[in-house]
Every structure is written in C-alpha cells, then in structure tokens.
Amino acid sequence: MTVSFELSDDLVGYGREIRDWSVEAVRPYARYADVHHAAPDHWRQIVETCPVAIGTHDRRQVKRQPAFAEGKWVRDLVVTESLTYGDHWISNVIGAGIGHLVVKLMGTPEQIDKWYRPIVDNGGQTAFGLTEPQFGSDTSMVETTATRDGDTWVLNGTKMYCTYGGQADYVVVFASTDKAAGPAAIRAFVVPKGTSGFHVAKFNEDKLGIRSWTTSELLFEDCAIPVENQLGWTGGDGDGPGPAPRTRSGRSGALGALAQNKPNISATGIAMAQASLDIATDLLQEQRQSFAPHRWSLVESDLENMNAALGRARLVNFRAQWLQDLQRANKTEASVAKAYGPPTCERVIRRCMQLLGPDGASTDLLLEKWYRDVKILDIFEGSGQVQRIIVGRAVFGGADRVA
Amino acid sequence: MTVSFELSDDLVGYGREIRDWSVEAVRPYARYADVHHAAPDHWRQIVETCPVAIGTHDRRQVKRQPAFAEGKWVRDLVVTESLTYGDHWISNVIGAGIGHLVVKLMGTPEQIDKWYRPIVDNGGQTAFGLTEPQFGSDTSMVETTATRDGDTWVLNGTKMYCTYGGQADYVVVFASTDKAAGPAAIRAFVVPKGTSGFHVAKFNEDKLGIRSWTTSELLFEDCAIPVENQLGWTGGDGDGPGPAPRTRSGRSGALGALAQNKPNISATGIAMAQASLDIATDLLQEQRQSFAPHRWSLVESDLENMNAALGRARLVNFRAQWLQDLQRANKTEASVAKAYGPPTCERVIRRCMQLLGPDGASTDLLLEKWYRDVKILDIFEGSGQVQRIIVGRAVFGGADRVA
Amino acid sequence: MFELDLSEEQIAVRDLSRDLATRVLAGAARDAETNRRVPDEVWRQVFETGLTAPASEDHGGGGIPDTLTHLVALEGLATGDPGIAIAAMWSGGSALLVGLCGTAAQQYAYLPRLASDRQGRGGVALYEGFGRAPSEYQTRIEHLGSGTWQVAGTKVAVPFAAEADPLVLVGTDPTTGELRAALIPPDAGGVAIGPRPEHGHLGLDAVPLHTVTFDLTIGPGQLLGGPGAAAGLLVGAVGRLRLSVAAAAIGCAARSVEYAAAYANERIAFGKPLAAFQGVSFLLADAAIQIEACRLDLWRAGVRVDAGPIGGLERAVSHAVNYAGSVAASVTRDAVQVLGGHGFMRDHPVERWYRAAAALSTIDFDPTYAAFAPAL
Amino acid sequence: MFELDLSEEQIAVRDLSRDLATRVLAGAARDAETNRRVPDEVWRQVFETGLTAPASEDHGGGGIPDTLTHLVALEGLATGDPGIAIAAMWSGGSALLVGLCGTAAQQYAYLPRLASDRQGRGGVALYEGFGRAPSEYQTRIEHLGSGTWQVAGTKVAVPFAAEADPLVLVGTDPTTGELRAALIPPDAGGVAIGPRPEHGHLGLDAVPLHTVTFDLTIGPGQLLGGPGAAAGLLVGAVGRLRLSVAAAAIGCAARSVEYAAAYANERIAFGKPLAAFQGVSFLLADAAIQIEACRLDLWRAGVRVDAGPIGGLERAVSHAVNYAGSVAASVTRDAVQVLGGHGFMRDHPVERWYRAAAALSTIDFDPTYAAFAPAL
C-alpha cells in the first residue's frame, strides 16, 4: 500500500458524467429555483435524465448508487460536488436528509430496521429537528418537551431551520424528558409526517440563499407518538423521563450524524466556488485584451491561486471521509474539513465577481446567487466557530506538558 | 476648522532631520546593539550629534523638545518613528520610560512635583514594574506584597520584563497591600534605584529581538520604602492596607499609563517596517531585470500595497494621539492603533525578506533583525488580544438593542 | 493645520443623514429592493438633503458640499440602506459634475431644473470594469475638428441610464490623454442601453444599472466645461464620485457591526451572551478596528480631492476605494456569521448588507490593490 | 488506488525521526545555532538515519527512500530542530541526485564514499531567488562541443558550498531548455563562494549558506547522468528537494502548535487556562487546520514527484512549497503570540521556530502564489 490521491478512473468518470449532466440539466433551472424558492415542477423528469444512478428521494424511482473501490463516503464527496456543480437546487429533491442517520446512530436494531433500512433501500427523505428559536450552537438549550403519557410520548415545542422538515417522511425531534435533569435528559423521537399535533408552521424560510432548499419551522402541539418511537427505546427502566442511561446521549448522537455530513457541506461549497471560478475564467479569457498587461498578470495569479485553494479544500474533505469509510475516528478531521472549505469558497466567489466587475454581481450570471447560497455553509450543521472548538479539543487535549 | 491630515512643515522637517540623522548615526550600530545586547559604549556622543533637540535620558544633557502646532503626542509619534527608523536601539538610551507617567496619573501634587517634574524637566529614566512570572495580561494576579511597618512599606516579590528596570532612577512597583481584598488593594510604590532590598536579578533577558533594550527582572526582598512613596498617599485613613478608596485603583492607573504609549509602540513598528520596505525597494529596483515581467508586476503591487498599509497604520496612530493631545477620551482609539499596526508591520518585514529571497534573511541586511525586534510590539504593553478586548468593550457597550 | 474633527456643519450633516437613515431609509430598504426603485416619498425626503442634486444657491440648490461633507452624508445614509444612499448619490452625479466643472451656460441650462425637479434623475457613465482607473478609461472624447467631438466607448454600472437628464459621460481625450466629460441628453442617438438584469443586482436594486455603449458626435456645448475645460477639476470630481461608493460601503459595514453587536449582547449560548465568546467578539472588534482605519483613509483621500489635482490622487482614491470594498465585504460577512442561522434569514437586515457590500466591492475593483487570499 | 495511510515503513520512519528529534535534535538546537554547525555527535546520529546521504544498498547505503518517506522523515526531524533537519537533508542532496540521476560510473565514484563518510558533506546549488522556478533558472549548462560543457550562473542559499564533495549544480541547458546538473568537486576553479553572513541567518544557522557564482567548464563525466541524461529524472529529484524545505517548515509549525497548546493549558489568566479563551485557542485551532491542509498538499505533491514528470509537476511543487512557507511563518508567529512575553524569550523554543520558519519561507518564495495581505 502506498499513499495515493488518485481516484479510480471509474469514480472520476462517474463524477464527470454527473457533473456534465448537472451543467446541462440542472443549471438551466438555477435561477428559477432561486426566484421561486422551489425546484422546477418537473424536477422528477429532470432527475430521470441523469445518465448515472444518482437516485431520487422518491422511493419508487430510486436507483442504487454503484460501489467504488474508494468507499461510500469518498464516493459521496465526488457525487456531491459533481451534482451541485450545476446548481444546488438538485440536492433538495434527491437528498435523503439526515434523520435516518440519527436513527442508525442511536436506534435499537428494531428501530434501525424500521426507519433506517427503508430509506437507504428504497429512498425517502428524513429530517432532523434540533435547533430552536432561542439557540443555534448550544444544543443543551433544548426547550421542546417530551412528556410520558401511558404508551406515548407527548411533544410540545418549536423547531427551526429543519432541512426538509415540511416534506420529510419523518422528523427526528430532540426534546427534553426532564428539564431539571439537564442536557442528559434530551432524547430523540421519530415523528412521522402527518402525526396529529405536528404542524408545519412555515414550510420554507425567506432566506439569503439556497432558497429552494426546504428550511421549515415545525410546531409540536401535544403531539403524541408511541413510546417505541423514542430512539434507543427498549422498554426497560432507562426509557422513562430523565437522564438517559445509555452512553450516547441524544445530543451527541445528533452531533455524530452532523459530523458525517460536514465534508459534504464543504464539497457543496467547493462546487459553487469551482463553478463560479470556471465561469469567471472563461469570461475573463474572452476579455483578456481589455486588461492592461500588468493587471492581467494579477488576474492570472488570482485564478490559479483560487483553483489551488479549492484543491486543498478537497484534500481535507477526502481525508475526513476516507477515515469515515474505514470506520475510524474522524471527528477532528470532519471539523477541519468544514472549517477549511466554506469561508474560502465564499472568498473565491466574491473575488470572481470582483474580477468580472459590476456585471459579475448581476443576475445575468449565477455568481451572485452562489455568493448568497454559499454563506450558509459556514453556519449550518456547526458554524466555523463550533468547528474550531472541536478542533481545539484535539489540539489542547493532545498537547504535551511544556518541556 | 476643517479636517486636515497634513502635518505642519515644521514638524515634517523636524521629523525628517531626525530620520536622516537616525539613518546616518544610529543605524550603523544596529548590528552591534543586537549582537552585544547593548547600545554602543559611545552612545552619548552619538546622541549629541543629533541636529535637533531629541534629548537624552541623562539629565545634564537634556534638551527640551520644541512644541509644534500639532501638540505633544502627535509630535511624539513623528519623533518616535523618525528616531527608530535608523534602528530601535536608540530608544533605550534616550527614552524616559513610563514610571513617571504613572506618577503623574496616580500621584498627589506633591508626588508629581517630586518624581514627575524632574524627569520631564531635566531628563531621567523611570521604570514600571507590573508583570510577574505567573501573569502577563491578567494584572489582578499581582503577588508582590506590600506590608505596612511603621512609616514604611515593605515590598516582597519579583517583577519581570521591566523596561529599563535595571538602570532606571526609580521603578513604580505594583504590589498588593492585602491579598484577601483582591485587585482593589493593589497600589503603586516608587522604589528608587539603590534602595536596600531592591535587587536586579537579571539586568537584561536573552530575547528574540530588541536585545539592547533593557528588560530586567527585579527582586524585592524586604525592600522598605517610606510610606509617602505610595502613589496617592495623603496620610489619611485610605492609605493603610486594603482596598484603595480612590477612584483610580493601582491597576487602572498603570493601564492608563500604558494606553498613552500604545500608539508610540505601533509607530516603532512602522519605523521598522518602513525601513525594511525602503531597503527592500531599493534592492529590488536594482535587481529588476532579474525578475520575469509578470512577477515584477506582483513585486510592484506588493511594494505599493505595503506602503499603503503602513500609511493606514499611521492614520489610526495619529487619530489616537490627536485625541490625547486634546485630553479627550482615547482608550478605544489607542487600542485600535496598537491592534492595527504591529501585526501588519510583522508581515511587511517578512514579505520584504521573502521578496529578497534567501539573502533577505541573512545578517548582511538588517531586515532579519527587525523581524525579530518587531514581534514584541504585538505582545508587550497589552497584546493584540488584550486590545481586541478593549475595543470590544466599546463595540458591545455602545451597541443598540436589536431593532 | 492638522485637524481630525469634523466641522460643526459636517457633524450636523452626519447626524441628519444618520437620523434620516434610521427613520426613513432603513424601513424603505426592502420596498426599494422589491420594486427595484426608491419609493417616491423616500426619494422626496432624500432630495431635500440636496444629495440627489447638489447645486449652489445661485442655481436654486442648497450649496455644493465639500467632498468630506459629501462622504459623511453618504456614510450616514448608507447606515439606513446602502442601495438607496448610492442611488441618491449617483443621481446627484450630474449636478455635481456640472456644478463643479461645467461652463456658466451649462450650469444655468441644467442646475436649476435638477435642483428643483423632485422626480428628476441624473447619472454618470463612469466605470469601465477591467480594473481601469479613470486615467486608463478607453472611452474616447476626441475632437474631430470644426467643434465636433466624437464620443465612443462602453461603460458599465451606469445608473439611471434611461432617464438621466443629463447623463454625464466620462472618458479621455486621446490627443491630450486628459480626462473629459460629455453631457448626453436622454434622447441622444448613438446610445445603446443594455437590458437591466431581469432578477436584480445582488444588493443594489434600488438603482437601475445598465451597460451602455456610446458612439455619437456632440457639439462643443455638450462638452463639460467647454473645449478649454481644466482637466484637474474633473479629476477631483470623479475622485469624489469614486470615494462616495467607498463611503456607502463603510456606512453599511459600520451599521452591520452595531447590529451584530446588539444581537451578540442579547443572544445566549452556553449560559453567556454570544458577546462573551472571543471567537465572536473578536470578529466584531476586528471589524471595528478595520472600519476606523478605513474611514480615516477615506477621509484623507476626500480631503486630498478638494486640495486639487496633486500627484498621486488617483492612486490614493483607488487605495481607499479598494480597501473599503474589501473591508466592507468582509465585515458584513462576519456580521452574518455572528447572527448564525438567523443572519441568513431575511428577517434580519444583515443579509442585505452582505449582498450590498459585495456588490459595491465589484464596482471599482482593481486586483492590483489586493490579491486573492484564502481564508485559511 | 486511493489511499491516505502511510505504509508501515513510512510510519516507522516517522516515529523514528520524531523520536530522534525529541531525544537528540531538540536539545542540540541551541548549540548548533551558536556554533553555526551541527554538533558532530548529533550529525553522527542523523547520519545513521541515512538522510545525510541516501544511497542504495549496492553503494553501501540503507536504500533511497521514496519521496513521501523522505518528506515524512524530514517533518519528523524538524519537530526537534528545523535547522539541523534541513542541514542533514541538504547535505544529502548530493547523494540523492547522484543516486537518482547519475550514471553508473558516477554512482560508484561518489556514493560508497558519501554513504560511509560520517564527516562528509554534500550540497546542491539549486535556488536563484527572484521567484524563479527550476524551469526558469538562468544558470546555464551548455555544450561547447568536443564534450566540454560551460557552466555559468549564480546560486543563492547554497549549503555546504565550501566543503560539499561533490556540490551538485542545477541549471538549464539553453539549447534544449531542459534541466541539467553538474558535479562540482570542492577544488574546482571558477567557483566563487561569497562570504557567510557574519552574524548568522535568522533561524538557519546550523547550515552554512552561501551565494556562489560559477563560471567554469566541465567534462562529460561531470555532467550528472552524462550527456544523454533523461531530464525528467532530474525534474523529479529537484522537486523532492524543494518539497523537503516545505516538510521542514511543517514539522516546525506542528511542533510550535503542540508547544503553545501545552503552555496555554497550564498558564492561568483571569482565573482560567489561556486555552479557555477563544482569542487564544482559535489561533491554534486555525493553525492545526492549516497544517492538516498543508501536509496533505505536500504529500500529494510528493507522490506526484515519484509518479514521474507529468504535466504541472513544477507548479504543484511551487504551490505546496509556498503554501507551507506561508502557513509555517504564520503559525510559528501565532505560537509566540500565545506565549506572550515568554514567547519572546530564548528560554522557550518558539522564538527559534519563529525565526526558522520565516527563513525557510524566503528560500523558494514566488510572489505569484500569494500576494501581500495586511493583517487587518
């Protein structure tokens, strides 16, 4: 075995096919998705034109992704960047969400069979309800309550910024079973779509970017679900209100699910930035004669250095997900990946607009859209600041004593 | 009145004379001062060659600085940058230190007459003993004690990094009169050179840079001084051990003295960076033909942008000291000045070395010395982090409620 | 005489503009953006400040402020909404250039109307993109002989191109290499106005911006200042217009810091206000530090503009503009970051400032003043 | 096959070099600097790793490691002291180039001696400054006819110039534009060695560095690989040498972060360890993040070197080297900052790393890869 950063020809080809398709089939609707805050109505037809098996969230249409030597998570990085290179709206209609990943991490074998398996086997979308109006990063502040009532848990509270929340097959909701017991009493509950008392207060927020991405506000009013919908439920003593006896508390399970996805978030940003850079490069090359020679030197340096920066961002992503594929610890590496890519991707897109001049920021191009879209990537699923805290734990935890 | 950034011709000329002299008379001994950790032995003769009245710290040689329309503190910025443009070692032999400034801020009229006036009228050097081995920024951690014994205070403890500590006429020492009473019980004491029990444990530290700058470690062992050497001493009830009743506690008085000097610290950094930049620019111009044209464009941009960055650093310095001259509040502005200049000056010097290639870091040039010297400027008299805390107070204290 | 205090009049202008920003512009920002035009009632109130048509009292205006006053006014208004502020300033460009550089006849022909018509718009066709400074503009204003001048070139980000009366076009005289300007009436032939982008312009939708191509001949009466105009006056006036964009960017950035700081004071995480975390508070401290440096740099360049066309003025303006563009884009970005998910929602104005600052930073960008640097 | 794990052998090399760094190099760093030479006993121990004269077993060495192994070894050693590590690596450049690119005769002439002489030194005259990449080197190695070659040019940062046996000079053949190297014995005429700077070289005093001017003729036997040498081999070997400097910078930076983190865990301010302040901890988190990206970038370039002279190799090497130089200089700077006043004292090693990283960043710097950016 020897270190190699070369992806297999198969995966490269697979990614290229998806990317070409994304430019041709997805990008033409980028502006539509932004203006209408929704994917085009015929999104299903669009997805069906994809020459490779990207799957859809609709379970009857699902195609399985082929396996590659690199493993699932590395493959997904390539697929994520390739798919969203055309535009990001496609994610919303084919993405599965992460609720089921939480089920896999925190559920009993029965729960995994019931809620995780069908999603990966047949498709579907799941959502994740953690954030509330009064908190973002500090997940100990969960105020949604789960009260035991016979064979049910009754949920009350509000969840914000739930990706796919208004359309998912189910939402994994984090709620406190005993506020006095603090964060350890926070548990996760599977709440299927249509459950009585589960209201979609706002289907989609009015956002700076990624507008077609469903970001829902959910309201739970005396929403009763069976006790066995509590993840980790065994029917034993530990399933009552109060601190969970299990090693994995609700919050850390939730954060575990987020960690797996972090490099994919960065890959989405790289897609937006690379698309901006490629478009800007083509336009600038056409306009080369309009630049004074000394200025053109700087334009060329900028373009080359932006490509190099995106290349490095891919490396830290691959590193994190390669570890994930080997089921090795990658919490720090996943945070490195998420901290590293997104803020530089923001800068790349902004710089491309600047190099193009005032027209670079007009809606005649997509760069201004991607500049709005990209900003969320350094915020959601753990802001850049939160990632630094996580990386810091490794830095300071692993530090020797001063000699 | 109208806003004007133009200094008077008088001050510009004064600064230019000092600067030219500094290059001619001071710079030739820069390497000596670095290697020998001391000014050249004939420093007094060197200072005497200065065509304008820069003064020396030796009281018999002192010449008063002329007044300018801009005021004392703005003048001092110009003088500081001009003097240290040749090299920084000159500061150590002419600088007065800041102990007497603390006296002025915290002393009674009698104390000011006794310890402040002679220094400004006749010259002299004073030192400031606050930092101890176990703390830098957190000045509440003072462990040096002052115990009342009849008409004396008896000091015990160690002070580190005291500028001029081993050579000053007196040191203003901060000590706790009652550890149980916390930071408020910290008072300042004037300890003259030669006081019994006042030992210079280390005359000068072995440092990365500014090696000729006397940075002493001082040891106080049962060092007794008269009670009237406690700054603010009136002989009343408040002069016993315990919290000071006066509005200005020892620490805030100390920090006040530091604030006045902050922009001068930055001006010193600008001098080092500007000197590096000017030397590098001349050398690079000579070597211009050796650079590929596209690379030369970048070299030229770098040089111009470094000059612009130093120009902005001067602006925030002037702003702070112009307020100081008008005796208006400038705590935030002084911190802005100290936070802004030094880290950019570091980068300017490093970049100049890089542009010159490997020879840029050799001792055949002075840039490597200044790169070592400059690092302290973002650390001492309040690190960049401490300045951000101070600026943050204005930002957050002045913030409206969210609409 | 070294002096860093604004004059009493400048302070009054600052307070007035900031007051108008808070009372009127902030609330109208969303409307102006949605309808892609400053609401009439808002325009009327800004008109009364004189910004939309600065003119001397002789011409029925309230006087032409000095450059620093102009910049202070614009920074103040931009704390309410940079889009409306920049729309007003750009519209006022016609009156400003005519008042500062025009012949007496031109001033009488245009200024009384501009100064009294509350619905009128002006505009200046200035920028060309490609990092060009004014001295590098390729738009030609060239004497063909017999008092006829050829005007040809393409301008970007031309405000109010379809309605400005007059539209002032800035170019260079290839014979002398000096800056020249032409007064183009709205019905002139040889002016091809590109379409307005269908879905807007990031954060600058309060003002219509077009790419415009000019290819026409004009008579000497349309030559700003006449055939013998002193180019130095125009250099200064153009410098002022360029700096105004920087002033708008700084106003927007400064307001973003205030807003984010207030949010960070109130929002609790891990048992403390967000402001208690240095990872948050240092972002805003750095922002405040940069804004202070940026504003002083802008003021210095503004004062230089009024001192006449001394050497290095154009480069000083370019430095101030590019630094402000870069600082404002980064500061408004960090303000969104401080608000986290809430910052991404249109319920808070920081997302608008993020857009506006980025858009402003593209207007007059030259990569020679700051190359790309990755975040890490 | 996509694979990011080091091989077992590489892991062993990493651990061994890191162990040697901790046990031997760290303690000898000050001595090496003061005496401006690696202490003999330390050199002997580093010699045993093979780094000072990598040679195949046929020539009495321990084998020539692949590039990645070489880089891993250097990063490990540099955690002890970058100066000693780079001295060893640079000395080994002669054996490396002869072993990778020399003719069989050259290998037999030089390698057995280099591999066995514990006091011997090699050296490569490589860099020219001015941001030049190897393909732009102006040092000429040109065929004069009759098997005689003209060697002319000026090199900077030439290690062991006065003692290297042989000194390998890298230049370009103006006829073909290809990279060439010449073997220069220590007594060769036409070699003018500039003086060693009297008071040292920032953080690189363990190794003598000189500016050297060459103007001599050589026979075909002194032409590395002979007249028909495949330039591609030399391109790869030169790439490896350049990347080694980046590896030393990264090792130094990584150790700085460890040291500063340990300090920040212990040092108390305002009632908490320094590490509890995000204004401190984020500096080191950012450093760790950058080092991770930097190391992967370096590894990728290293693997490309061994894959043969594929297109873009030189630029990939330049990117990796310049990013590492920039990251290491900034990280070591922040490590000093975390230690505050203590960081400025020679009692702690961070000041040495600050110097060494800055010096390393000047060796192979090209401004096209990262323009100056102010801190704020």
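The sequence lines fix the lettering, A, B, ..., with proteins before strands; numbering per chain opens at 1.
Comment: D206(B) engages R30(D) in a salt bridge, judged by a side-chain N to carboxylate O separation of less than 4.0 angstrom. The existence of a salt bridge linking K207(B) and D347(D) is excluded, since no basic side-chain nitrogen approaches an acidic carboxylate oxygen closer than 4.0 Å.
With values rounded to the nearest 0.5 angstrom, H199(D) atom NE2 is found 8.5 Å from D34(B) atom CG.
Chain B forms the most heavy-atom pairs under 4.5 Å with one residue out of A157(D), G271(D), A329(D), and that residue is A329(D). In terms of non-hydrogen atom pairs under 4.5 Å with chain D, the most contact-rich of D302(B), N305(B), I389(B) is D302(B). If you tally non-hydrogen atom pairs under 4.5 Å between each of V299(B), V35(B), L303(B) and chain D, the highest count goes to V35(B).
Nearest heavy-atom pair, G341(D) versus I379(B), reported as atom, atom and distance to 0.1 Å: N-CG2, 3.3 Å. When all heavy atoms of S137(B) and F270(D) are compared, the pair lying nearest together is O-CZ, 3.7 Å.
Only the side chain of R351(B) comes within contact range of chain D, judged by heavy atoms closer than 4.5 Å. R350(B) touches chain D through its side chain: at least one heavy atom from C-beta onward sits under 4.5 Å away, while N, CA, C and O do not. Proximity to chain B (any heavy atom under 4.5 Å) is restricted, for E136(D), to the side chain, taken from C-beta onward. The contact between R132(D) and chain B is made by backbone and side chain atoms together, counting heavy-atom distances below 4.5 Å. Using a 4.5 Å cut-off between heavy atoms, L283(D) touches chain B through its side chain atoms alone. If you measure heavy-atom distances from R355(D) to chain B, the contacts under 4.5 Å come from the side chain alone. For a residue to count as touching a neighbouring chain, one of its non-hydrogen atoms must lie under 4.5 Å from one of that chain's; by this rule F277(D) does not touch chain B.
In this structure, Q337(D) contributes its side chain and D378(B) its backbone to a donor-acceptor pair below 3.5 Å.
Ring to ring, Y161(B) and H342(D) are close: their centroids are under 6.0 angstrom apart.
Using a 3.5 Å distance cut-off with no hydrogens or angles, the side chains of Q354(B) and T362(D) do not pair a donor with an acceptor.
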Residues 279-288 of chain B side chain polar contacts: donor-acceptor under 3.5 Å, at least two apart:
unit_1  : atom_1 : unit_2  : atom_2 : d
T281(B) : OG1    : L277(B) : O      : 2.6

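More than 12 heavy atoms of other residues, nucleotides or ligands lie within 6.0 Å of CZ in R27(B), so this atom counts as buried by the packing criterion.
Side-chain contact check for V348(B) versus F372(D): some heavy-atom pair is nearer than 4.5 Å. A 4.5 Å side-chain heavy-atom check between T368(D) and R295(B) finds at least one atom pair inside the cut-off. Between R196(D) and S362(B) the shortest side-chain heavy-atom distance does not fall below 4.5 Å.
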Would L202(D) and R372(B) count as a side chain to side chain contact (heavy atoms under 4.5 Å, CB included) here? Give the steps. CA-CA 8 Å; L202(D) 203 50; R372(B) 289 184 286 107; 3.9 Å; yes
Go through it in stages, so that I can follow the logic: the residues are F380(B) and F344(D), the test is ring pair (Phe, Tyr, Trp, His ring centres under 6.0 Å), and I'd like the CA-CA distance, side-chain angles, deciding distance and then a yes or no. CA-CA 10 Å; F380(B) 72 178; F344(D) 197 68; 7.8 Å; no
